[in-house]
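This report concerns only the one structure given below.
Chain naming here is simple, since letters A, B, ... match the order of the sequence lines and numbering starts at 1 in each. All figures in this text were calculated on a predicted structure; none of them were measured in a lab.
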Amino acid sequence: MNRRALTFALPILTGLLLIAVWYVVRLWILPEHQRFLLPAPDAVARAFVDKAPQLAAATASTGLGAFLGFSAAVLGSAVLGLTLSLSPLVRAGLYPWLMALQLTPIIVLAPILILWVGPGLKSVVVITFLISFFPLVVNTTQGLLSTDRNLVDLFRMGRASPAQQLLHLRIPSALPYFFTGLRIAAALAPIGAIAGDMFAGNSGGGQGGLGFLAVIYSAQFQLPALYATAIISCLLGFAFAGTVIWISWLSLRRWHDAYQPKDN
Amino acid sequence: MLLPLRARMSLSPPIVELDSVTKRFGDDSRSPAILDGLTFRAAPGEFISLIGASGCGKSTVLRLIAGLTAPTSGRILVENAPACTTPANRAFLFQDATLLPWLTVRANAELLLKLRGVPSTARRERALRLLELARIAHLADRHPRQLSGGEKMRVSLARALTLEPSLLLLDEPFAALDELTREHLNEELLALRERSRWTAFFVTHSVAEAVFLSTRILILSAGRIAHDLPVDLPYPRTATTREQPAFHALVSQISRLLRTAAGSSRGHEAVPSSTR
């Protein structure tokens, strides 16, 4: 078996092994009165089928919130990143507060934000925005400030206007940094959406997102359904991060060294 | 063999003129001067190499003439205008090829024309002609990471020449290349010069390279010109030039002067000048 096929097959093998261990723990290790803690994989699968409409609606709702918040964060961070890169004084004035915002746990901010903007999709979007914003701003700013000095001299010799320098030099130079921020933010956005949803989801007729479902199922002790919700949240995260990694690969593969195929 | 060039140079008006130029880094007037009252003129068509120990201010001279930095005191004129105002007639070749990695070779070669607002068909044509002259037209659609060090430098040179500069400033452009590639590029640099006769300032650590290329060599030491030497080898110079006894004699003579100049600057003694 060649190496490529092996890297493809190994995760599947370890997955099957984990399911086997799961069954072993459930059937032979756990005492009978604790077995409900670890519902059998087939029970989780059945919950997927039974709760399919709720799970699908919740995934769509959370996905939409994550997408909107993430997109707003990308646009907002581009504007703020450009502003911050222009002046060290602006950086000195704003950076500590951005830092403070990032270090305040989002689950503490969430109830406050819901009071401000009201429950439902709006607060999910705002919370997702806040959690994705910081890594994007930091990386974009860093990228815009990391332009090769020789290239700046080249543009000065070419009598480039500040706008030309920004468009043809600073922004393309910042792209690899921007995509690093984008990948971190893409991993955080669904988490932010689900966390926001836990607080803000039960509005407008009780149909919320995945966070809301998780709260309901744990309150109702529906463990197979709770496991199913966890698994679908994980898949949503994969879809999100995967899409962003794919987009960054498409954008950088032709010129950036980090996106070249490795020899080993 | 080593004669002052003053008499010959005064016939045509200078293209570059430095008048008691001093450069310190930082605002403090007590900080040491990188250049200390530098004065010289360059006539159109000269190929001047600047050599000297590391830190003697060679690269600073280039950056001053380029207008990338301003002198602390003194005056620099390029084609009778202050150096900082009109970089249109000047092109700079950095030690690094300074290609934009996200652009193809073709787009890199067109960059300076694009910044200047030349229409796309005209700049495409001109860039391609220079890529052909630099013998890399076949690489036009590659990206810089797919090129060797020598090929990157050729793109950089082609790009510099797209603006048809009257003055070319080269800051150790071939220092990072292997010996063979470097000699090859030296020959082609002179061949390109035969076509358009720009004036060149060339910073290098290699005496042999300086002798091969130049009409004149300036040895810098402690921020001053220690020696101003003509190189009276006939052009065109080719690979066989390097085999001639006259070439070897010049290389060893200049190497000796370079060693004494570097030695005396370390001892903080007054630097004797053979030409002033």
Side-chain angles (χ1 to χ4, degrees), chain A residues 78 81-82 85 88 139-140 142-183 244-264, chain B residues 59 62-70 78 83-105 107-118 123 141-147 152 155-156 159-160 162-163 165 167-173 176:
Chain A
L82 274 176
S85 75
N139 280 284
T140 305
Q142 190 65 40
L144 289 167
L145 292 174
S146 305
T147 315
D148 186 328
R149 293 182 62 150
N150 283 333
L151 292 179
V152 174
D153 280 344
L154 174 75
F155 272 64
R156 284 176 63 196
M157 286 301 293
R159 289 202 293 181
S161 67
Q164 283 178 322
Q165 202 182 98
L166 185 69
L167 195 66
H168 296 299
L169 179 60
R170 288 195 185 277
I171 289 177
S173 299
L175 276 184
Y177 292 82
F178 168 74
F179 278 117
T180 302
L182 204 66
R183 285 201 303 276
V244 164
I245 289 170
W246 181 62
I247 290 172
S248 58
W249 180 77
L250 282 184
S251 317
L252 300 181
R253 69 186 154 137
R254 278 194 300 177
W255 62 272
H256 202 268
D257 284 337
Y259 292 83
Q260 301 314 312
K262 299 280 186 296
D263 292 333
N264 53 346
Chain B
S59 296
L62 281 202
R63 293 179 65 83
L64 285 165
I65 298 172
L68 287 171
T69 181
V78 177
C84 52
T85 54
T86 51
N89 49 1
R90 280 159 271 172
F92 206 112
L93 235 67
F94 301 87
Q95 180 166 1
D96 184 62
T98 59
L99 303 178
L100 306 186
W102 53 88
L103 296 181
T104 59
V105 165
N108 265 294
E110 287 179 25
L111 179 73
L112 297 176
L113 296 168
K114 188 178 178 180
L115 293 177
R116 194 120 330 158
V118 176
R123 69 173 186 243
D141 294 316
R142 301 236 184 131
H143 279 81
R145 63 170 182 84
Q146 298 167 296
L147 306 183
K152 282 182 199 167
V155 180
S156 193
R159 178 181 63 191
T162 53
L163 289 180
L167 183 59
L168 200 56
L169 304 162
L170 306 101
D171 190 2
E172 300 188 53

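Here T98(B) contributes atom OG1 and M157(A) contributes atom CE; the two are 11.0 Å apart, rounded to the nearest 0.5 Å. Of the inter-residue distances, the one linking H256(A) atom NE2 with H143(B) atom NE2 reads 12.5 Å to the nearest 0.5 angstrom.
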Exercise for the section: Decide yes or no on side chain to side chain contact (heavy atoms under 4.5 Å, CB included) for T104(B) and R254(A), but give the supporting numbers first. Expected result: CA-CA 10 Å; T104(B) 59; R254(A) 278 194 300 177; 5.9 Å; no
Practice task
Verify side chain to side chain contact (heavy atoms under 4.5 Å, CB included) between L115(B) and R159(A), making sure each step is shown before the conclusion.
Solution key: CA-CA 7 Å; L115(B) 293 177; R159(A) 289 202 293 181; over 6 Å; no
Practice task
Carefully, step by step, assess D153(A) and F94(B) under the rule side chain to side chain contact (heavy atoms under 4.5 Å, CB included).
Solution key: CA-CA 9 Å; D153(A) 280 344; F94(B) 301 87; 3.6 Å; yes
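Residues R253(A) and R145(B) come closest through the heavy atom pair O-NH2, 3.9 Å. Closest non-hydrogen pair, W255(A) versus P101(B), comes out as CB-O, 2.8 Å.
You'll find the side chain of N150(A) stays beyond 4.5 Å of the side chain of F92(B), heavy atoms only.
In this structure, the portion of L111(B) lying under 4.5 Å from any heavy atom of chain A is its side chain and not its backbone. Contacts between S173(A) and chain B at a heavy-atom distance below 4.5 Å involve backbone atoms as well as side-chain atoms. Interface residue L112(B): only side-chain heavy atoms are found under 4.5 Å from chain A.
Counting heavy-atom pairs closer than 4.5 Å to chain B, the top-ranked of the candidates L175(A), L154(A), L151(A), L169(A) is L154(A).
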